[in-house]
2 protein chains.
Amino acid sequence: MSDRTPRPATIYAVAERAGVSIATVSRVLQGTNHVASATRDRVLDAARQLDYLPRGSARALAAKKHEAVGLMLPGLSGPYFADLLVGFETAAAECGLSVALLMTDERGLSSPLRQLVARVDGLAVMARPGQLAPDDLASLGRWLPLVRLAASDHPATIHAENTASARELTEHLFGHGRRRLEFVGDPELAPDAAERYAGFAAAHAGLGLVPAPAVPVGFAEADGRRYARQVLSRAEPPDGLVCVNDEVAVALLDELQRGGVVIGRDVAVTGWDDIMTARYTRPGLTSVSQPVRELGRLAATALHDVIAGGSTPGPAVLPTRIVIRGSCGCPEALPPDATEPQPGPTKEETK
Amino acid sequence: MSDRTPRPATIYAVAERAGVSIATVSRVLQGTNHVASATRDRVLDAARQLDYLPRGSARALAAKKHEAVGLMLPGLSGPYFADLLVGFETAAAECGLSVALLMTDERGLSSPLRQLVARVDGLAVMARPGQLAPDDLASLGRWLPLVRLAASDHPATIHAENTASARELTEHLFGHGRRRLEFVGDPELAPDAAERYAGFAAAHAGLGLVPAPAVPVGFAEADGRRYARQVLSRAEPPDGLVCVNDEVAVALLDELQRGGVVIGRDVAVTGWDDIMTARYTRPGLTSVSQPVRELGRLAATALHDVIAGGSTPGPAVLPTRIVIRGSCGCPEALPPDATEPQPGPTKEETK
DNA sequence: TGGGCACGCGTAAGCGCTTACATCCCAATG
DNA sequence: CATTGGGATGTAAGCGCTTACGCGTGCCCA
């Protein structure tokens with residue numbers, strides 16, 4: 001613990017011990033240039049004996065690169081961000097890049113952001129609308145390669161497909177005979193939400209219907225619960241609820257059930273993201289599965305390409321997959337009463 | 001995008017523009033020492049005009065500190081790690097520290113780890129047993145302050161209480177009249193798991209019973225499913241299953257239900273972590289809630305204290321809370337058949 | 001046998017900051 | 001009026017590494 005050597009070995013110590021110059025040590029350690037294998041071994045030995053570890057800061061300063069990328073997220077609640085992060089980190093590591101993380105849920109972001117920007121070679125940003133002024137972003141882009149996540153307004157954004165899936169999902173509910181649909185989620189809160197509502201509206205337009213206005217609620221369970229209670233108190237409740245994400249959907253579903261509503265019969269409920277919980281509600285939650293991890297991975301590799309190659313990162317849109325379970329009204333191979341045996345896995349029809 | 005200036009402003013440019021020396025610029029920018037307010041304003045102006053941003057690497061090199069801490073995790077699956085990360089990042093940010101993240105699920109960790117260690121002032125490590133050789137850790141500790149997470153063998157570990165809660169949970173099942181209990185989880189896979197099994201065993205010992213050997217399965221849903229199928233095929237199945245975490249528990253619960261087993265009547269099931277899904281199974285999953293976010297927060301602040309103060313980080317053990325729902329056999333205010341209205345929130349008795 | 005050419009390695013010039021120390025100037029003091 | 005002290009600023013020495021450049025070998029080929 002406390003036998004931490006006051007001054008860890010430097011490249012000079014290694015060079016001296018190996019009887020070579022620091023340049024040679026440097027060459028050996030990063031594998032550039034040719035070094036006679038005998039010399040290399042001596043250097044490697046010396047480094048090992050001294051437990052040498054090059055200071056990242058010194059390397060970064062001299063080489064003018066950090067070998068690190070940053071990821072800025074608007075919070076880390078829910079499985080969505082965790083998965084995104086996994087994909088990002090994995091891909092970054094494969095490219096030999098460290099990952100610096102910044103969550104800026106509520107905090108004033110200016111100072112931490114600058115700190116982050118000063119220590120990475122590229123940055124992936126996912127931010128809520130209004131969280132980051134366009135000026136800030138422009139200024140960021142002047143410093144380093146930038147990739148935007150799920151920002152429909154940005155040219156080089158990378159995100160999952162929303163509008164078409166939302167339309168298809170909505171049409172699926174129409175197919176179940178549902179006509180009084182509502183979109184539960186605030187389009188103002190995220191570009192993704194806006195696109196999903198657009199798809200919801202498009203499906204209505206396709207049938208000559210007028211979509212109900214979006215229900216402006218947040219992304220958390222509490223938001224879903226709250227709205228469910230409001231629905232329960234209404235004289236003419238909707239017969240279908242297209243939720244902006246699964247958190248809202250499962251909470252809403254749960255609360256409606258507690259209010260005596262039979263999901264899939266009285267009302268159809270759908271979510272978005274296909275989180276773990278969607279598989280465990282009764283009925284299972286029909287949802288839209290996004291390749292979130294892939295999204296993170298793509299962000300990291302895009303950054304790596306830009307950093308390495310210098311090309312501008314292109315936009316990308318990833319495909320989604322509608323996962324049908326019981327909450328939309330589809331039959332489900334599940335024990336409604338668990339006393340009667342019903343073997344076999346959940347039926348998950350994918351389009 | 002591509003109007004990225006080839007050479008961003010340095011401290012020299014700012015100094016020149018402000019008509020002062022770089023020392024003064026440095027002093028102004030980090031608020032040390034006294035600088036005449038007129039001078040300060042000139043410097044600040046110049047910096048703003050040039051959009052100056054100090055290179056992190058140069059600062060780190062000169063100041064011999066990175067102002068960053070690292071977090072090493074064995075994967076990021078499930079809500080557990082995400083929450084831990086949130087706590088860690090939040091606290092680190094409050095201390096003015098950047099966060100570098102390293103996930104080392106399967107990868108050979110040597111190289112990325114070294115890269116990480118070279119760029120932070122302190123490191124919090126959570127690793128599976130055997131993932132990190134004791135030598136590695138000792139060597140790490142020689143480089144920088146280290147905090148271990150959920151590593152019962154380490155002196156300065158910080159983790160949540162396990163044994164007592166497991167014992168209490170097990171005794172709760174005894175109270176339901178259960179006698180053929182099994183612990184589903186591999187004590188070899190994590191110190192936490194070992195401690196939980198120890199508590200499970202202690203409860204048995206308290207009643208003069210001999211605990212069944214632990215069922216060595218992993219932490220994932222698939223592990224729970226697999227074991228459930230095995231249980232279903234047995235002549236004399238257990239009447240209580242204490243699972244190492246909620247992922248395993250919910251999957252097992254689901255699979256048993258599909259096999260016709262009535263949870264809470266035929267068998268009691270409990271989990272650990274109190275993840276979101278635990279609230280949505282039917283019956284709800286009885287689980288143990290850990291202050292995971294607090295754990296992350298504690299790790300970060302501990303590191304900060306060590307870095308700043310030089311004191312060795314002390315161990316810490318955080319309290320847990322047993323959350324009773326229906327899966328253990330307790331009555332639950334839930335609609336078994338959702339056609340009959342049953343208002344009111346889930347009853348969650350906490351000890 | 002000599003010129004050229006790789007190859008292997010050392011020399012030294014930075015990279016952009018922090019900070020100990022020196023310096024300057026002016027107000028306060030005897 | 002000379003002296004002194006201290007606040008404001010400049011000077012310069014690093015921090016530990018990368019890398020352009022160049023020198024000295026030994027070897028091949030003419």
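Below, all heavy atoms of this structure are taken into account, side chains as well, without hydrogens, waters or symmetry copies.
E67(B) has no carboxylate O lying under 4.0 Å from a charged side-chain N of R119(A), or vice versa, which leaves the two without a salt bridge. Salt bridge annotation for D45(A)-R48(A): present, with a cationic side-chain nitrogen under 4.0 angstrom from a carboxylate oxygen.
Rounded to whole Å, atom C1' of dC9(C) lies 11 Å from atom CZ of R42(A). As a whole-Å value, the separation of H66(A) NE2 from dC15(C) C1' is 11 Å. Atom pair I22(B):CD1 and dG14(C):C1' shows a separation of 14 Å (rounding to whole Å applied). The interatomic distance linking K64(B) (NZ) with dT18(C) (C1') rounds to 10 Å, in whole Å. Counting to the nearest Å, the P atom of dG16(C) and the CD atom of Q30(B) are 17 Å from each other. Between L61(A) atom CG and dC17(C) atom P there is a gap of 9 Å when expressed in whole angstrom units. dG14(D) atom P lies 17 Å from atom CZ of R55(A), rounded to whole Å. We find that CD1 of I11(A) is positioned 14 Å from C1' of dC9(C), with the value rounded to whole Å.
Q30(B) and S26(B) form a side-chain donor-acceptor contact under 3.5 Å, judged by distance and modelled atom types alone.
As judged by a 4.0 angstrom heavy-atom cut-off over every strand, G56(B) is placed among residues making no nucleic acid contact. Here S57(A) lies out of heavy-atom contact (under 4.0 Å) with every strand. At a threshold of 4.0 angstrom between heavy atoms, the contacts of V25(A) with the nucleic acid are absent. At the heavy-atom level, T10(B) lies under 4.0 Å from the strands shown only through sugar-phosphate atoms. As judged by a 4.0 angstrom heavy-atom cut-off over every strand, A36(A) is placed among residues touching the sugar-phosphate backbone only.
Remark on DNA chain D: of its neighbouring residues A63(A) and R40(B), the 5'-side contact belongs to R40(B), judged by nearest-heavy-atom nucleotide.
Overall bending of the helix from dT1(C)-dA30(D) to dG30(C)-dC1(D), expressed as the angle between end axes built from five pairs apiece, is 40° (10° steps).
Under 4.0 angstrom from either OP1 or OP2 of dT18(C) there lies at least one side-chain N or O belonging to S26(B). OP1 or OP2 of dG8(C) has at least one side-chain nitrogen or oxygen of H34(A) nearer than 4.0 Å.
Distance OH/Y12(B) to OH/Y52(B): 10.0 Å, rounded to 0.5 Å. Of the inter-residue distances, the one linking I307(B) atom CD1 with D121(B) atom CG reads 5.0 Å to the nearest 0.5 angstrom. Here the CD atom belonging to Q290(A) is positioned 5.0 Å from the OH atom belonging to Y80(A), to the nearest 0.5 angstrom.
Within 3.5 Å, no donor on the side chain of Y12(B) pairs with an acceptor on the base of dC15(C), nor the reverse. Between the side chain of R27(B) and the base of dG10(D), at least one donor-acceptor pair of N or O atoms lies under 3.5 Å.
Between V147(B) and L298(B) the shortest side-chain heavy-atom distance does not fall below 4.5 Å.
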Next item on the list: Take R114(B) and L53(A) through the side chain to side chain contact (heavy atoms under 4.5 Å, CB included) test and state the conclusion after the steps.
Entry: CA-CA 7 Å; R114(B) 292 177 72 82; L53(A) 200 153; 4.2 Å; yes
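The side chain of V20(B) approaches dG10(D) more closely than any other nucleotide in the set dC9(C), dG10(D), dG16(C). Side-chain proximity of A58(B) to dC17(C), dG10(D), dG10(C): nearest is dC17(C).
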